[in-house]
Structures are given as structure tokens and as C-alpha cells.
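Read through the structure below, which is laid out as C-alpha cells, and then see the notes.
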Amino acid sequence: MKEIQLSIDGKKVKVADGSTVLDAIWKADIYVPTLCHDPSLEPYGGCRLCIVQIMGMRGLPTSCTTPAQEGMVVFTETEELQRVRRTIVELAICNHPNECLSCSKNQECELLKIANYLGIRQSSLEDMRRRKQARAQDTSNPAFDFDPEKCVLCGKCVRTCNEIVRVGAIDFAYRGYNTTVSTFSSQPLVLSACQSCGECADRCPTGALVNKDVRPHEKEVKTVCPYCGVGCPIILGVSNKRVVRVRGDGEAAVNQGELCVKGRYGIDFINHPDRLIRPLIRKENIPKERGRVGPLDVFREADWDEALERIAQTLSATIDHHGTDAVGLLSSAKCTNEDNYIFQKFARASLGTNNVDHCARLCHASTVAAALAAFGDGAMSNSISDIDEAEVMLVIGSNTTECHPIIGRKIKRAIKERGAQLIVADPRSIELTEMSEIHLNHLPGTDVALLNGIMQEIVKEGLHDQTFMSERCEGYEDFLESLERYDLKTVEAATGVSREKIHRSALLFAKDHKRAIVFYGMGITQHTTGTDNVKAIANLLMLTGNLGRRGTGFSPLRGQNNVQGACDMGALPNVYPGYQRVDDPAVKAKFEKSWGKHLSKKAGLTVTDMFRAAHEQRLKALYVMGENPALSEPDSDHARAALSKLDFLVVQDIFLTETAQMADLVLPAAGFAEKDGTFTNTERRVQLLRKALESPGQARADWQIITHLSSRMGYSMSYTSSAEIMAEIASLTPIYGGIHHDRLSESGLQWPCRDREVP
Ligand code: SF4
Ligand code: SF4
Ligand code: SF4
């Protein structure tokens with residue numbers, strides 16, 4: 001890129017052509033005050049504090065909106081500039097409440113910083129003050145408050161809500177002397193369209209928009225949000241052994257510092273007084289159906305020694321009497337990769353069973369199965385950043401703005417900022433349908449017919465990518481033939497979608513070989529035909545050559561924070577880590593050699609099979625780590641009945657969940673902020689989790705609990721850190737071959753990453 005040179009206060013500085021004068025000032029490491037500027041927002045020039053003098057140019061232009069030009073000579077701190085800035089700040093501050101010491105923004109207030117820089121004192125402003133405070137605070141939002149008296153009308157909040165979040169919940173109102181930031185119709189924030197994401201409060205330079213209950217932090221620790229598969233890095237502010245604040249990480253590749261309401265305000269569970277702090281053993285003769293009534297009084301506290309010994313003896317006795325396959329294990333998409341690796345290793349090498357599965361069975365196991373069949377890898381084919389280059393997006397079975405909000409925002413911005421086009425296929429109207437070109441509100445359960453109908457139209461119009469298919473696809477002639485049954489009349493009758501809409505969708509998706517991405521979620525995977533639904537998406541992308549290029553791709557939106565990682569780690573009954581099949585003799589031999597144990601070649605039971613087997617009393621013992629099937633199974637009555645029939649149920653968790661309330665033994669685990677390790681997000685990005693706090697009471701990291709138990713059962717597993725576990729994962733899992741903790745400190749690594757040389 002072409003560079004240009006400027007002089008800033010006599011300092012020579014080079015910037016890329018297209019930069020602003022403010023960019024050049026920052027590059028020269030010179031301070032100029034700004035209230036309204038934010039690099040993630042469009043330049044605004046509203047506060048006028050970044051004014052400069054430029055040789056040969058009249059007036060005092062705002063540096064944030066002035067393009068830098070070759071040879072410019074810029075001055076940032078002349079007497080005239082400071083005098084004008086002082087007046088601007090005095091006017092902004094004259095009606096500001098005189099309560100800086102008690103303001104929650106406190107030392108982070110940009111206005112206070114600028115006032116100090118310009119030497120302005122509150123006492124000198126008394127004559128300019130309005131006599132009484134006229135505008136009431138809005139404290140209706142559970143997460144943050146708005147105090148209009150502290151607002152300097154910089155517009156950052158309004159622009160953030162419009163440009164970044166794309167919600168437009170707030171705007172300037174009552175123009176003139178009474179101008180203020182307001183919701184539509186001046187409703188309280190909590191009743192407005194506001195989504196409580198807190199992006200505005202995060203950027204507000206004063207104490208006008210501030211989070212509730214703010215306390216200063218002693219240290220900050222960078223880790224990863226524990227909610228959804230987007231996997232946004234977060235920075236935890238910690239004080240006095242508590243998380244007191246969460247903010248985004250502006251350097252992060254995934255979210256560039258943005259967060260949704262869950263990541264920013266939903267982390268307080270970690271400090272909750274109901275956290276499990278000691279092992280619990282069910283008292284004698286208390287039936288397991290007594291789940292919810294007085295849950296704690298059915299247990300007595302125990303120490304780790306007694307609890308682990310009880311589990312070791314009972315599991316050993318169960319295996320002795322009923323065989324290894326009488327034991328089942330549920331792993332966790334909320335736990336780290338290292339926890340999941342150790343858990344499945346415990347199942348396979350220590351207990352001798354492949355009966356290990358997790359909640360992916362009920363959400364995206366269909367993705368894993370279909371993507372392995374279609375592409376050979378069970379994951380997203382592209383990266384989240386490909387949204388920035390897509391020309392068309394099809395969203396099917398995903399309420400993206402609710403379930404994956406940061407990806408939802410990127411989709412909205414692609415439409416608004418670049419004119420990308422959107423097709424939404426969903427029986428319901430969702431937020432994204434408002435921005436879509438076409439809403440295909442097909443009948444539930446008709447996804448395959450709809451997608452095949454669109455593909456048939458693409459072929460009929462000659463819009464398929466013959467070169468891509470000839471060079472890269474197998475069996476496509478048979479596939480094209482199979483589409484012939486999906487004529488418009490048949491598909492319209494099956495799906496309830498008009499033939500005109502199906503035809504238009506085909507043209508929009510495939511005409512002119514546009515770059516296209518398909519996003520999908522559990523609206524299509526949680527079906528009896530989930531695998532077929534996903535295969536239809538894979539077919540659509542192969543038919544149109546929308547794979548392996550920027551701005552294209554196959555994009556399953558994984559639900560839980562580490563459901564991708566739990567699958568990658570082999571917490572599935574038919575595969576070892578890295579989707580290596582348990583019935584492949586060479587693979588089995590490799591793991592037997594590494595783990596020093598004979599392993600079963602028989603695929604284990606899935607979650608659904610385990611519950612059926614428990615109901616029929618073929619499964620005698622179940623070990624659940626960080627899952628809550630009594631609540632989350634589709635037929636929870638069936639699940640509870642099955643759990644109550646088990647001879648032995650162990651639950652390892654951070655709270656006494658509905659499932660834990662039915663357990664014989666409950667073990668207290670560390671939460672995400674209390675351990676090191678990794679999560680893998682929906683775009684296959686392995687990111688570091690860092691310990692910010694000690695666990696409460698006697699809670700321990702999941703992998704530590706399992707290794708202690710395994711050693712008691714005669715199969716020694718000894719690791720000094722989660723990094724050491726990742727080294728073992730890398731040695732056995734080709735797609736993770738180059739992934740080591742010491743390489744993950746920046747933005748993590750996306751698999752496949754086969755060795756240390758692969759970036
Ligand atoms: S509330 Fe804060 S961000 Fe919004 S206009 Fe006022 S000072 Fe600026
Ligand atoms: S919290 Fe989010 S949605 Fe609500 S006004 Fe602020 S930026 Fe807009
Ligand atoms: S989008 Fe997902 S990962 Fe990001 S902050 Fe929200 S819940 Fe957390």
C-alpha cells in the first residue's frame with residue numbers, strides 16, 4: 001500500500017494513503033483530546049476537540065475527519081487550539097454534576113482526563129451553570145444506568161448502536177438546548193428495543209452511561225466467553241477474589257472487542273453463593289426421585305478421599321458384575337478440550353468402554369456425520385471473517401442475532417455496509433428476516449425438499465459450477481439426476497413456499513457466481529432428518545462451487561462454547577480425538593500404544609442409547625461431567641425415569657443441577673474462570689482460557705478430578721498442567737498436531753494445524 005509522509009509538531013511520520021490526520025497524530029505518539037472518536041466507528045467530528053492547525057489551510061479542521069496528505073505540516077497544541085478546546089470543554093462540562101469522586105466512571109472518565117489536560121477547574125464554571133438538574137436518570141436497565149446530566153452529546157453511544165450493533169435503540173431527541181440521548185418515545189431503556197449489550201456504555205467517555213455495581217479491579221485476565229460457539233475473547237476484571245467487570249478484547253480476531261449481553265453481563269454466576277464447594281454423598285435410603293424437594297438435605301458432605309474411593313469401588317464392582325459396557329459417561333461441551341480429552345481417555349483406557357458422548361448428539365452430531373461424509377471434516381469450512389467478503393448469505397434454521405449475536409451483527413453489517421444480500425429460510429420471522437431479500441417460511445421438516453428445489457432451479461438455469469464439480473466432486477451425475485424429482489410444483493406443495501420465491505432464491509444464490517455462505521443452526525440439525533438436512537447444504541455449496549474461497553463456505557453455528565472442541569477431543573462413542581475411528585485397526589493400535597491399554601473396537605452408546613439402556617436397566621452406572629440431561633433431554637420425563645433406575649449416578653458440576661439432585665454422588669468442579677485450558681469455537685479456533693480466580697471451597701478442575709479417580713482405579717494418569725495434556729493431544733491428533741499452549745497467546749490457532757510450522 002502506498003505510504004505518505006506528514007510532519008506532526010515537527011515529527012516526521014509515515015502513514016498509509018487513505019489515513020486521517022488523527023491516524024497520523026496517533027502514529028506519531030502525540031496526544032490530542034477526543035470525546036467522540038472511536039476507531040471502530042465512522043469519523044464524526046462532533047466533539048471538535050481533535051482540531052488542529054494545518055499549514056496552508058484555513059480554520060481549525062477536526063483531525064478525525066481530515067484526510068492525511070503528502071507533505072502536510074500539522075500542529076496539534078498551539079495557543080489558539082488550546083483556547084478553543086478549553087471553551088468547548090467548559091461548555092460541555094458546565095452543567096456536569098460536580099461529583100467526580102463518587103462517579104462510577106471515576107478514573108476512566110475521558111472528560112475528566114481532558115479537563116485536567118486543559119487545566120479546567122469545576123469552580124471556574126459556576127457562573128455558566130444551569131440552576132437545577134432537569135433530567136431524570138434512567139436506571140431501568142438491569143445492566144447499566146443512563147444519567148443525562150453527565151452526557152456531553154458526543155454521540156458515541158448513538159453511533160455505536162447504529163453502526164456496530166445495528167439496533168438503533170437510541171438517538172438524539174429534543175434538538176436544541178434540551179438535546180439528549182433518548183430511546184424511541186422516551187421509553188425507559190428496559191422497555192425499548194435496547195438489547196442490553198452494553199457496547200454503548202463501554203464506549204461512553206463520561207459517567208453518563210455506566211455499568212451498575214462497578215467496582216475497581218486489581219488485575220485483568222484475558223480468557224474466553226463461556227456461553228456460545230462464537231468464542232469471544234473476554235477480559236475479566238478481578239478484585240478480592242471476585243469477577244467485578246468484563247470487557248471485550250479489542251485485539252481479538254473473533255470479535256474485535258465486541259460482546260453481547262451474555263458475555264458482558266452474564267458472568268456473575270461464577271461468584272454465586274450456590275456454587276458447589278465440597279463433595280456430596282446421598283444419604284442412605286433417600287429415593288432419587290426426590291429431586292427438587294429440599295435438594296441439599298438429601299446429601300451429606302464428604303471429603304475428596306471418601307468420595308473418590310466410593311466412586312472407584314462402585315464403578316469397579318459394576319464392571320466386574322455387568323461388564324464394561326454397563327457404564328456410560330457424558331462429557332461436556334462447556335468444559336475445556338483438556339477436560340474432554342482426559343474424560344474420554346478415562347472412559348476408554350481406564351474403564352474400557354467407548355460409551356462416551358455429550359450434548360452434541362442432540363445438536364450438531366448431524367453436522368459432524370454429514371460433514372465427515374461430504375468433506376471429510378466435521379466442522380465449519382471457513383472463518384467468521386469470511387462474512388466480510390460474502391456477497392450472498394443463506395441463513396437456515398438459525399436465529400443468529402439471538403443465539404450467536406456477534407456473528408448476527410457481522411451479517412447485519414455486511415448487508416448494510418457492503419450491500420450483501422440475505423435469504424432467510426425459517427418457518428418463523430426472526431430479526432434477520434427484516435433485512436432479507438427473500439424469506440422462505442417453509443413448513444417445519446421440509447428443509448431437504450426446499451434446498452433440493454432451489455438446487456434443481458439452479459441446475460435448470462445453468463447456474464451450477466460444472467468446473468468445480470468435475471474437478472472436485474464425486475458422484476455428481478447421480479446427484480444431478482436425483483434432483484429431477486424436485487420440480488417447482490412438487491416443492492411448492494411439500495414446503496408451502498411459492499414457486500416464485502424458490503426460483504428467485506436460486507437466482508439470488510447462484511447467479512454470476514457470487515461468493516456465498518450458508519449459515520445454519522439447530523433449527524435444521526435437531527431433526528430426525530438432521531444429517532440429511534446438513535448434507536443438502538453441503539450439496540448446495542458444492543453445486544455452486546462455494547467452498548475453499550474467501551467469502552464462501554459451510555457454516556454450522558455451534559451452540560455451546562466448546563461443543564466443537566468436545567467433538568474434536570473424541571467425546572463421541574465412535575471416534576477418538578480428531579475423528580479417528582475406534583474401529584480402524586491402525587488408529588486403535590496407535591492409541592493402545594500411547595495409552596498402554598487394550599482398547600475396545602466396538603463403537604459405544606450414544607446419549608440417546610444410554611438413556612434407553614438405563615431405562616431398560618442394561619446401563620447400571622452413569623458418570624456425568626458438566627451436563628444436565630434431566631433438564632436438557634428432549635423428553636425430560638423419560639430422562640428422569642431413566643436416571644432414577646440407575647444403580648449409580650455421579651455428577652461433576654459447578655452447581656447442584658437437576659441431574660445432580662438425582663445423583664448418588666456429586667463432585668464440585670472449577671468454573672471456566674478458575675482454570676487454564678482451551679476452548680475451540682465454531683470456526684475451529686483453539687483459544688486459551690486463563691485462570692483468573694481460585695475455585696471456591698474444595699472445587700477442582702475437571703481433568704484433575706478425573707486423573708485422581710483414574711489413578712485410584714489402577715490406571716495412572718499424571719499431568720502437571722493442561723498444557724501438558726494439550727501436548728499429548730497434539731501427538732495423537734493430526735488436525736491438532738501443531739497446537740500447543742505456547743502458540744495460542746495471541747488469537748489462537750485454527751485447525752487443521754498439523755505441526756508447529758503451520759500458521
Ligand atoms: S451518553 Fe455518553 S456516549 Fe452517549 S452521547 Fe452522552 S456522553 Fe456521548
Ligand atoms: S446496550 Fe446495546 S442495544 Fe442497548 S442502546 Fe446500548 S448499544 Fe444499543
Ligand atoms: S456472542 Fe457468544 S461468545 Fe460472544 S459474548 Fe455473546 S455469548 Fe459470549
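Indexing begins at 1, ligand by ligand and atom by atom, following the structure's order. All values below come from the heavy atoms of this structure, side chains included, with hydrogens, waters and symmetry mates left out.
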What residue and atom, counting heavy atoms only, is the protein's closest point to [atom], and at what distance?
atom: atom 6 (Fe) of ligand 3; value: C260 SG, 2.3 Å
atom: atom 1 (S) of ligand 3; value: I406 CG1, 3.4 Å
atom: atom 2 (Fe) of ligand 3; value: C228 SG, 2.3 Å

Legend entry - Residues N211 and Y265: side-chain donor-acceptor under 3.5 angstrom: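 There is such a pair (donor and acceptor under 3.5 Å, judged by atom type) between the side chains of N211 and Y265.
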Legend entry - Donor + acceptor pair across side chains of Y736, T680 (<3.5 Å):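 There is such a pair between these side chains.
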Legend entry - Nearest-0.5 Å distance, CD1 of residue I423 to OG1 of residue T433: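 Here the rounded value is 13.5 Å.
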Suppose I only count heavy atoms of [X] and a 4.0 Å limit; which atoms of ligand 3 are within that range?
X: C225; answer: 3 (S), 5 (S), 7 (S), 8 (Fe)
X: P405; answer: 1 (S)
X: Y227; answer: 7 (S)

Inset, instruction - For the residue pair N337 and D339, establish whether any side-chain heavy-atom pair is separated by less than 4.5 Å. - result: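 A side-chain contact is absent here, since even the closest heavy-atom pair is not under 4.5 Å.
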Legend entry - Check: F144 and C194 side chains under 4.5 Å, non-hydrogen atoms: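 Yes, at least one pair of side-chain atoms sits under 4.5 Å.
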Inset, instruction - Give every protein N, O or S atom lying under 2.8 Å from atom 2 (Fe) of ligand 2, naming each by residue and atom. - result: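 The answer, once waters are left aside, is C197 SG.
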Is there a donor-acceptor pair under 3.5 Å between the side chain of [X] and the backbone N or O of [Y]?
X: D676; Y: K691; answer: yes
X: K212; Y: A143; answer: no
X: T682; Y: P556; answer: yes
X: N340; Y: T336; answer: yes

Legend entry - Within-2.8 Å protein N/O/S contacts of atom 6 (Fe) of ligand 1: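 The answer is C151 SG.
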Legend entry - Element-labelled atoms of ligand 1 that are located less than 4.0 Å from some non-hydrogen atom of P205: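 Counting from 1, the qualifying ligand atoms are 3 (S).
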Inset, instruction - Go through ligand 1 atom by atom and flag the ones less than 4.0 Å from a non-hydrogen atom of F146. - result: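 Counting from 1, the qualifying ligand atoms are 1 (S).
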Legend entry - Option among R203, Q256, R159, E163 that satisfies the side-chain hydrogen bond (donor to acceptor under 3.5 Å, both in side chains) test with S40: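 Answer to the side-chain hydrogen bond (donor to acceptor under 3.5 Å, both in side chains) test with S40 among R203, Q256, R159, E163: R203.
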Inset, instruction - Could you list which atoms of ligand 2 come closer than 4.0 Å to a heavy atom of F144? - result: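 Numbered from 1, ligand 2 contributes 1 (S).
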Inset, instruction - Measure up the F672 and F269 rings against each other and bin them: parallel (under 30°), tilted (30 to 60°), perpendicular (over 60°). - result: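 The arrangement is tilted - the two ring planes meet at 30° to 60°.
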Legend entry - I384 to M380 - nearest heavy-atom pair and separation: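 What the structure gives for the nearest pair is N-CE, 4.2 Å.
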Legend entry - Exercise: identify the closest heavy-atom pair between G45 and T65: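 Residues G45 and T65, closest heavy atoms: N-CG2, 3.9 Å.
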Inset, instruction - Give the contacting part of C232 toward ligand 3: side chain, backbone, both or neither, where contact means a heavy-atom distance below 4.0 Å. - result: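 It is both parts that get close, each with some atom under 4.0 Å.
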Inset, instruction - Taking atom OH of Y31 as the centre, report whether more than 12 heavy atoms of other residues, nucleotides or ligands fall under 6.0 Å from it. - result: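 Check passes, neighbour count above 12.
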